[in-house]
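All remarks here apply to the structure that follows.
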Amino acid sequence: MATRWGICSAGKISHDFTVALKTLPPEDHQVVAVAARKLEDAQEFAKKHSISKAYGSYEELARDPDVDVVYIGVIHPYHLSTCLLFTNAKKNVLCEKPLAMNTKEVQEILASAKRNDVFLMEAVWTRFFPVSVEIRRLLAQGELGDVKMVRSEFGVPLMHVPRAVQKELGGGALLDVGIYCLQFISMVYNGEKPESIQASGVVHLEKGVDETVVAILKYSGNRMAVITCSAGVQLPNDAIITGTKGLVPAPMWCPTSLVVNGKETEYPVPEPYLPLNFINSTGMRYEAEEVRQCLLKGLKECAVMSHADSLLLAELEDEIRRQVGVVYSQDCQ
C-alpha cells in the first residue's frame with residue numbers, strides 16, 4: 001500500500017518536496033492533501049501538483065483520516081506549534097530542519113511524539129543521499145583510517161531574503177545553512193558530543209542575527225572539526241574528511257559526486273517534472289523513501305537521523321549561538 005502524504009504549507013520547500021515525491025513509484029508514495037493558512041494558496045498548490053484535497057488550515061489536515069504522514073515545510077519559528085498539532089493528532093511527522101529554535105523546543109517535540117506513539121524525524125535530507133550512505137560505509141569499514149579532521153562550510157548570499165535575516169522569522173546563518181555543516185560533522189563522528197566548542201561570528205547590527213559563523217569543535221582522541229557558515233557571502237560549500245589513510249571531499253548539503261583519494265564517482269539525482277526552487281531538490285526522495293521504510297517496520301524514529309541526533313544538533317546550535325551572541329525570543333520563554 002502507498003504511504004499517503006499530507007503537505008503542511010504551500011511554500012517553496014513544500015513544492016520541491018512534492019516534486020521529489022513524484023520521482024518515486026506512485027504505488028509507494030501518494031500526496032493526498034495539502035494545507036496552507038489561506039485556502040486559495042492550498043488550492044493553487046493542489047492544482048499544480050494534482051492533489052485531490054486542499055485545506056485552508058493545518059487543523060483540517062491534522063483531522064484527515066487518509067493521511068499517514070505529514071511533511072512540515074513551515075518556517076522555523078512555527079515548527080514547535082505545528083509539530084505538536086500533528087503529533088497530538090496522532091500523525092507521523094517529517095519536519096523540515098531545524099527541528100525547532102532551540103533545545104527546549106526540540107525536547108518538547110520529541111516528548112510529544114513519544115507520548116503519542118508516532119514516528120517523527122527531522123528532515124535532514126543530506127543524510128539520505130547515496131553519497132552520504134557511501135561516506136558512512138567508508139567510515140564504518142575504516143577505509144579512511146583514523147579520522148583526524150573534518151572541515152565543512154556552507155555560505156550563500158541570503159541577506160536579501162526576509163526569512164533568512166529577520167529575527168522573528170528565525171533568521172540567521174547557523175539555523176539556515178550552518179545546520180548542514182554541523183550535521184555533517186556529527187554524522188562523521190557518529191553522534192558523539194564534542195569536548196569543547198569555540199565559536200566566533202559576525203552579528204548583523206540592525207537585525208541581531210548571525211551573518212557569518214566559524215566554530216572549532218574538539219572531540220575525544222584529539223580529533224577536530226571546523227565549520228564555516230555565512231548568509232552574507234558565497235563559499236565553496238564543500239566538506240572534507242581527512243583520515244590517516246586518505247580523504248573524502250564532498251559538495252556539502254545535496255551531494256551528487258564523491259571524491260575518495262582523488263577518484264570521483266557521480267551519483268546523479270532524477271530530473272524534476274516541474275521547475276525547482278532549490279538545487280538538487282529531487283534528492284528529497286531519499287528521505288521520503290526512508291520514512292516509508294521506517295513506517296512499514298513500525299519504527300518511531302530513524303536510526304540514520306535519530307531523535308538523539310536532533311537533540312545533539314540543537315545543543316550544538318544553542319552553544320554556538322550563545323558564544324556568538326544571538327538570542328531569539330524563544331530562548332527567553
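In what follows, every heavy atom counts, from backbone to side chain, and hydrogens, waters and symmetry copies are set aside.
Every pair passing side-chain hydrogen bond (donor to acceptor under 3.5 Å, both in side chains) that includes a residue from residues 86-101 is listed here, sequence neighbours excluded: Tyr71-Glu96, Thr87-Ser112, Asn88-Ser112, Asn88-Asn116, Lys90-Asn116. Legend: side-chain hydrogen bond (donor to acceptor under 3.5 Å, both in side chains) pairs involving residues 220-232, not counting sequence neighbours, sorted by first then second residue: Glu192-Ser220, Glu192-Arg223, Thr212-Ser230, Ser220-Arg223. Listed by first and then second residue, the ring-ring contact (aromatic ring centres under 6.0 Å, His included) pairs involving residues 46-67 are His15-His49, Phe45-His49 (not counting sequence neighbours). Under the ring-ring contact (aromatic ring centres under 6.0 Å, His included) criterion, the residue pairs touching residues 126-164 are Trp125-Phe129, Phe129-Tyr286, Phe154-Tyr180, Phe154-Trp253, with sequence neighbours excluded.
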Taking distance alone, no hydrogens or angles, what donor-acceptor pairs closer than 3.5 Å link side-chain atoms of residues 321-328 to residues at least two apart or in another chain?
unit_1	atom_1	unit_2	atom_2	d
Arg321	NH1	Val326	O	3.0
Arg321	NH1	Asp331	OD2	2.7
Arg321	NH2	Met101	O	3.4
Arg321	NH2	Asp318	OD1	3.2
Arg321	NH2	Asp331	OD1	3.1
Arg321	NH2	Asp331	OD2	3.4
Arg322	NE	Glu319	OE1	3.0
Arg322	NH2	Glu319	OE2	2.8
Gln323	OE1	Ala199	N	2.7
Gln323	NE2	Ile197	O	2.9
Gln323	NE2	Glu319	OE2	2.7
Tyr328	OH	Gly171	O	2.5

Mind listing the side-chain donor-acceptor pairs of residues 32-39 below 3.5 Å, one per line with the distance, residues two or more places apart or on another chain?
none

Which donor-acceptor pairs under 3.5 Å do the side chains of residues 184-191 make with protein atoms, sequence neighbours left out?
unit_1	atom_1	unit_2	atom_2	d
Ser186	OG	Leu182	O	3.0
Tyr189	OH	Met224	O	2.8

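Under 3.5 Å, the side chains of Glu264 and Ser257 contain a donor-acceptor pair of N or O atoms. Judged by distance alone, the side chains of Arg127 and Ser132 never bring a donor and an acceptor atom under 3.5 Å apart.
Contact record, Pro157 with Gln234: CD-OE1, 3.7 Å, taken as the closest heavy-atom pair. A pairwise comparison of heavy atoms in Phe17 and Ile7 identifies CD2-CD1, 3.9 Å as the closest pair. Shortest non-hydrogen contact noted between Val165 and Val209 is O-CG2, 3.3 Å. Scanning both residues, Cys8 and Ser14, for their nearest heavy atoms gives O-OG, 3.9 Å. Scanning all heavy atoms of the two residues, the minimum distance from Gly283 to Val269 falls at CA-CG1, 4.0 Å. Contact between Glu153 and Arg151 at its shortest, heavy atoms only, is OE1-NH1, 3.3 Å.
Leu158 is listed as a side-chain neighbour of Val161, based on a closest heavy-atom distance under 4.5 Å. Cys95 has its side chain out of reach of Glu122: every pair of non-hydrogen atoms, C-beta onward, lies at least 4.5 Å apart. Glu290 is not listed as a side-chain neighbour of Met305, based on a closest heavy-atom distance of 4.5 Å or more. At a threshold of 4.5 Å between non-hydrogen side-chain atoms, the residues Asp176 and His76 count as touching. The shortest distance between side-chain heavy atoms of Glu105 and Asn102 falls below 4.5 Å. Between Val177 and Val156, some side-chain heavy-atom pair lies under the 4.5 Å cut-off.
Contacts of Ser50 classified as side-chain contact (heavy atoms from CB on, under 4.5 Å), with partners at least two apart in sequence or in another chain: none. Legend: residues meeting side-chain contact (heavy atoms from CB on, under 4.5 Å) with Thr244, ordered by chain and number and at least two apart, are Asp146, Lys148. Residues satisfying the side-chain contact (heavy atoms from CB on, under 4.5 Å) test with Pro268, not counting sequence neighbours, are Glu266. With sequence neighbours excluded, no residue forms a side-chain hydrogen bond (donor to acceptor under 3.5 Å, both in side chains) with Glu317. By the side-chain contact (heavy atoms from CB on, under 4.5 Å) test, His204 is found to be paired with Met159, Glu206, Lys207, Glu211, residues two or more places apart in sequence or in another chain being considered.
Atom CD in Glu59 sits 13.5 Å away from atom CG in Asp64 (nearest 0.5 Å). Atom CG in Leu311 sits 5.5 Å away from atom CD in Gln107 (nearest 0.5 Å). For the atom pair Leu312 CG and Leu316 CG, the distance stands at 4.5 Å (nearest 0.5 Å). Rounding to the nearest 0.5 Å places OG1 of Thr126 at 10.0 Å from CD1 of Ile135. Atom CD1 of residue Ile72 and atom CD1 of residue Ile13 lie 13.5 Å apart, to the nearest 0.5 angstrom. Note that CG of Leu274 and OG1 of Thr282 are 12.0 Å apart. Values are rounded to the nearest 0.5 Å.
Without hydrogens or angle criteria, Asp28 side chain to Ala2 main chain gives no donor-acceptor distance under 3.5 Å. For the pair Arg285 (side chain) and Thr23 (backbone), a donor-acceptor distance under 3.5 Å is present. Within the 3.5 Å criterion, the main-chain N or O of Ser281 finds no donor-acceptor partner in the side chain of Asp16. The main-chain N or O of Val203 is never found under 3.5 Å from a side-chain atom of Asp210 such that the two would form a donor-acceptor pair. Looking only at distances, no side-chain donor or acceptor of Ser306 sits under 3.5 Å from a matching main-chain atom of Ala303.
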Check against side-chain contact (heavy atoms from CB on, under 4.5 Å), Tyr219 and Lys193: CA-CA 7 Å; Tyr219 288 79; Lys193 205 170 180 171; over 6 Å; no
Stepwise, does the side-chain contact (heavy atoms from CB on, under 4.5 Å) test hold for Phe119 with Val93? CA-CA 6 Å; Phe119 174 86; Val93 168; over 6 Å; no
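Partner Cys229 forms a side-chain contact (heavy atoms from CB on, under 4.5 Å) with one of Val214, Val213, Asn237 and no other, that one being Val213. Partner of Thr3 under the side chain to side chain donor-acceptor pair (under 3.5 Å) criterion, chosen from Gln293, Arg292, His29, Glu289: Arg292.
Atom CD of Glu40 is surrounded by more than 12 heavy atoms from other residues, nucleotides or ligands within 6.0 Å. More than 12 heavy atoms of other residues, nucleotides or ligands lie within 6.0 Å of CD in Gln333, so this atom counts as buried by the packing criterion. Annotation for Glu44: atom CD does not count as buried by contact number, only 12 or fewer foreign heavy atoms lying within 6.0 Å.
Follow the hydrophobic side-chain contacts under 4.5 Å out from Ile179 and you never reach Val202; the two are in separate clusters. Placement of Val74 and Met121 in two distinct hydrophobic clusters is found when ILVMFWY residues are connected by side-chain heavy-atom separations under 4.5 Å, directly or transitively. A single hydrophobic cluster is not seen to contain both Val19 and Trp5; linkage of ILVMFWY side chains at heavy-atom distances under 4.5 Å, directly or through other members, places them apart.
Ionic pairing of Glu60 and Arg63 is not present here: no N-O contact between side-chain nitrogen and carboxylate oxygen is shorter than 4.0 angstrom.
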